[in-house]
Amino acid sequence: MSESVPGIAPEVFAPVEAPVSPSQASEEVEFVQLLTPEGERVEHPDYSFDLDDEAVKGLYRDMVLVRRIDTEATALQRQGELGIWASLLGQEAAQIGSGRALNSKDMVFPTYREHGVAWCQGVDPLRLLGLFRGVDQGAWDPRDNNFHLYTIVIGAQTLHATGYAMGQQRDHAIGDAEDSEATIAYFGDGASSQGDVNEAFIWASVFNAPVVFFCQNNQWAISEPIDRQTRIPLYQRAAGFGFPGVRVDGNDVLATYAVTQQALKRAREGSGPTLVEAYTYRMGAHTTSDDPTKYRLNEDLEHWKLKDPIERVRAYLTRSAGVEHDFFDQLEAEADKIAAELRAGCLSMPDPTLTDFFDHVYVEQTAQLAEQKQQYAAYAASFEGEAH
């Protein structure tokens, strides 16, 4: 490649600088923060958390229980009871803060890691395990909890969410910041490089769709660091599509709640989409089939452990809210109980039969499918009693 091209600035061809580790980059990041890693409440000119300490205790409970569910699921996978598991370790504040900002009419379009948001929406954690155990394709009904099925195709859910939000708009379900409905789509920093996500941004912007794009920037798209995904902060991309973006401390549950609440209100009142970038860190592996020690530094992990989303809330509750140890002891016992029930439920899941597949293609069975099911059942029965 030549050093200069007519009409193009020379710096376009400048070599890419060496990657900066997330621990170094995080020191330079500006974002909305209301609770410091040390557990101190701070003010922000544009956002505030107006709920009381009882609400903070509730958010803390959510995060502790979700982390315990995540830990138990990881253990089940390691013991061969799940095929794979996508951990949310380190991202509890981003998910619980945003999940608790939703109202009963808002619709959620998740990836495959939003276990905390599922918890907030009332989805039984055992339902999530059924998908990863391979006994179903996600057996919850999205209409029951306003929580769609997990999306494995990276970024596809942003298009689904945008289309749904456009439907809300055409159904005249928006107009009131509190009582109307909106849509929220979750995705990661790596998904922001997908065409689907950028197409969703275009459609949402042009049609002023009532959708919040919630990006959990956990610094790693599997093994690719954030500097391989973008040359600018992710939230700034929204400006190029014509709608606002904001970056929040994704390890601060209070700030995440406040920012998401405001973005959802904006969508419900008819002011269009918002991109929220929750700046956080994936403390575990991408999935249980991944080994992050192959591509990231241990010092980065240790650095981010000091910003743990749960520990900062515990520090606030003990130092500033006067919460006694009994609360934490009771919560630990509750977490143990939920984990035991989750394990027992997982191990008792019945194995599906392949003939079940034919019953879930259409709402009403067709003659052709019924015939295919009968043929397959006869074929499978022909192997009974044979040695394998």
Side-chain angles (χ1 to χ4, degrees), residues 19 22 25-26 29 31 66 70 84-99 108-118 128 131-132 147-162 183-201 204 211-238 241 245-251 256 259-260 263 273-290 292 295-296 300-301 304 307 309:
S26 65
V29 167
F31 44 39
V66 166
D70 183 72
I84 195 172
W85 180 252
S87 174
L88 58 62
L89 184 62
Q91 298 177 219
E92 295 88 356
Q95 295 194 18
I96 297 300
S98 60
V108 179
F109 286 80
T111 67
Y112 45 77
R113 198 188 302 275
E114 270 68 66
H115 320 313
V117 185
L128 309 180
L131 174 63
F132 290 97
F147 187 83
H148 272 255
L149 299 177
Y150 276 1
T151 304
I152 307 301
V153 179
I154 305 299
Q157 71 280 2
T158 57
L159 285 173
H160 306 158
T162 300
T183 294
I184 187 168
Y186 289 87
F187 60 99
D189 48 294
S192 69
S193 298
Q194 293 285 354
D196 284 2
V197 174
N198 291 271
E199 291 170 10
F201 287 175
V211 58
V212 175
F213 296 107
F214 194 92
C215 176
Q216 293 175 84
N217 178 3
N218 65 19
Q219 312 300 308
W220 293 96
I222 306 183
S223 59
E224 290 295 304
I226 186 60
D227 66 284
R228 301 286 180 87
Q229 303 296 324
T230 183
R231 297 293 292 269
I232 63 171
L234 290 176
Y235 77 96
Q236 293 182 5
R237 287 184 176 179
F241 292 93
V246 58
R247 175 184 272 174
V248 62
D249 181 353
N251 284 19
T256 304
V259 168
T260 308
T274 301
L275 171 60
V276 176
E277 178 192 355
Y279 196 84
T280 182
Y281 190 76
R282 194 193 75 213
M283 293 172 64
H286 175 71
T287 68
T288 47
S289 63
D290 172 44
Y295 55 81
R296 72 182 186 189
D300 285 336
L301 177 59
W304 279 89
K307 303 175 184 290

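The structure displayed is predicted, hence computed values, not measured ones.
- At a threshold of 4.5 Å between non-hydrogen side-chain atoms, the residues L301 and Y281 count as touching.
- T230 approaches I232 most closely through the heavy-atom pair OG1-O, 2.7 Å.
- Proximity of E199 to L159: side-chain heavy atoms (C-beta onward) are separated by under 4.5 Å at one or more points.
- Remark: the Q216 side chain and the E114 side chain contain an N/O donor-acceptor pair separated by less than 3.5 Å.
- Put simply, the residue from T162, V197, T183 that forms a side-chain contact (heavy atoms from CB on, under 4.5 Å) with F213 is T162.
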Go through the steps for V248 and T260 under the test side chain to side chain contact (heavy atoms under 4.5 Å, CB included), then give the verdict.
-> CA-CA 9 Å; V248 62; T260 308; over 6 Å; no
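- Counting only distance, with no hydrogens or angles, the side chain of Q91 and the backbone of L89 share no donor-acceptor pair below 3.5 Å.
- Looking at L88 and V66, their side chains come closer than 4.5 Å, going by heavy atoms from C-beta outward.
- Aromatic ring centres of Y150 and H115 lie closer together than 6.0 Å.
- Within the 3.5 Å criterion, the main-chain N or O of R113 finds a donor-acceptor partner in the side chain of Q95.
- Nearest heavy atom pair, residue S87 against residue D70, reads OG-OD2, 2.7 Å.
- We find the CZ-CD1 distance between F109 and I184 to be 11.5 Å, quoted to the nearest 0.5 Å.
- Atom CG in L275 sits 5.0 Å away from atom CZ in F201 (nearest 0.5 Å).
- Minimum interatomic distance between G190 and A221 (heavy atoms only, all atoms of both residues): CA-CB, 3.4 Å.
- Counting heavy atoms from C-beta on, the side chains of P292 and W220 never come closer than 4.5 Å.
- For the pair R247/P233, a side-chain contact is recorded, criterion being any heavy-atom separation below 4.5 Å from C-beta on.
- Here the shortest heavy-atom pairing between V276 and A263 reads CG2-CB, 4.1 Å.
- I96 CD1 to T256 OG1: the interatomic distance, rounded to the nearest 0.5 Å, is 10.5 Å.
- Between the side chains of Y186 and T158, no donor-acceptor pair of N or O atoms lies under 3.5 Å.
- Separating the OG1 atom in T111 from the CD1 atom in I154 is a distance of 7.5 Å, to the nearest 0.5 Å.
- Every residue two or more places apart in sequence or in another chain that forms a side chain to side chain donor-acceptor pair (under 3.5 Å) with N251 is listed here: T280.
- You'll find the side chain of F31 stays beyond 4.5 Å of the side chain of V246, heavy atoms only.
- The two residues A86 and F132 have their closest heavy-atom pair at N-CE2, 4.2 Å.
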Apply side chain to side chain contact (heavy atoms under 4.5 Å, CB included) to the pair N198 and F241, showing each step before the final yes or no.
-> CA-CA 9 Å; N198 291 271; F241 292 93; 3.5 Å; yes
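- For the pair R282 and D290, the salt-bridge criterion is met [side-chain N within less than 4.0 Å of a carboxylate O].
- For the atom pair W85 CH2 and S289 OG, the distance stands at 14.0 Å (nearest 0.5 Å).
- Contact detail for A94 and A278: the closest heavy-atom pair is CB-CB, 4.0 Å.
- Checked by atom type, the side-chain pair D189/Y279 shows no donor-acceptor distance below 3.5 Å.
- Atom-to-atom distance recorded for Q229:CD and S193:OG is 3.5 Å, nearest 0.5 angstrom.
- Residues H148 and P110 form a side-chain contact, since some pair of their non-hydrogen atoms from C-beta on lies under 4.5 Å apart.
- Taking 4.5 Å as the limit, every side-chain heavy atom of N217 sits out of range of all side-chain heavy atoms of Y235.
- Considering only residues two or more places apart in sequence or on other chains, H160 meets the side chain to side chain donor-acceptor pair (under 3.5 Å) condition with none of them.
- Annotation: salt bridge (charged side-chain N to carboxylate O under 4.0 Å, His left out) contacts of R296 (sequence neighbours excluded): none.
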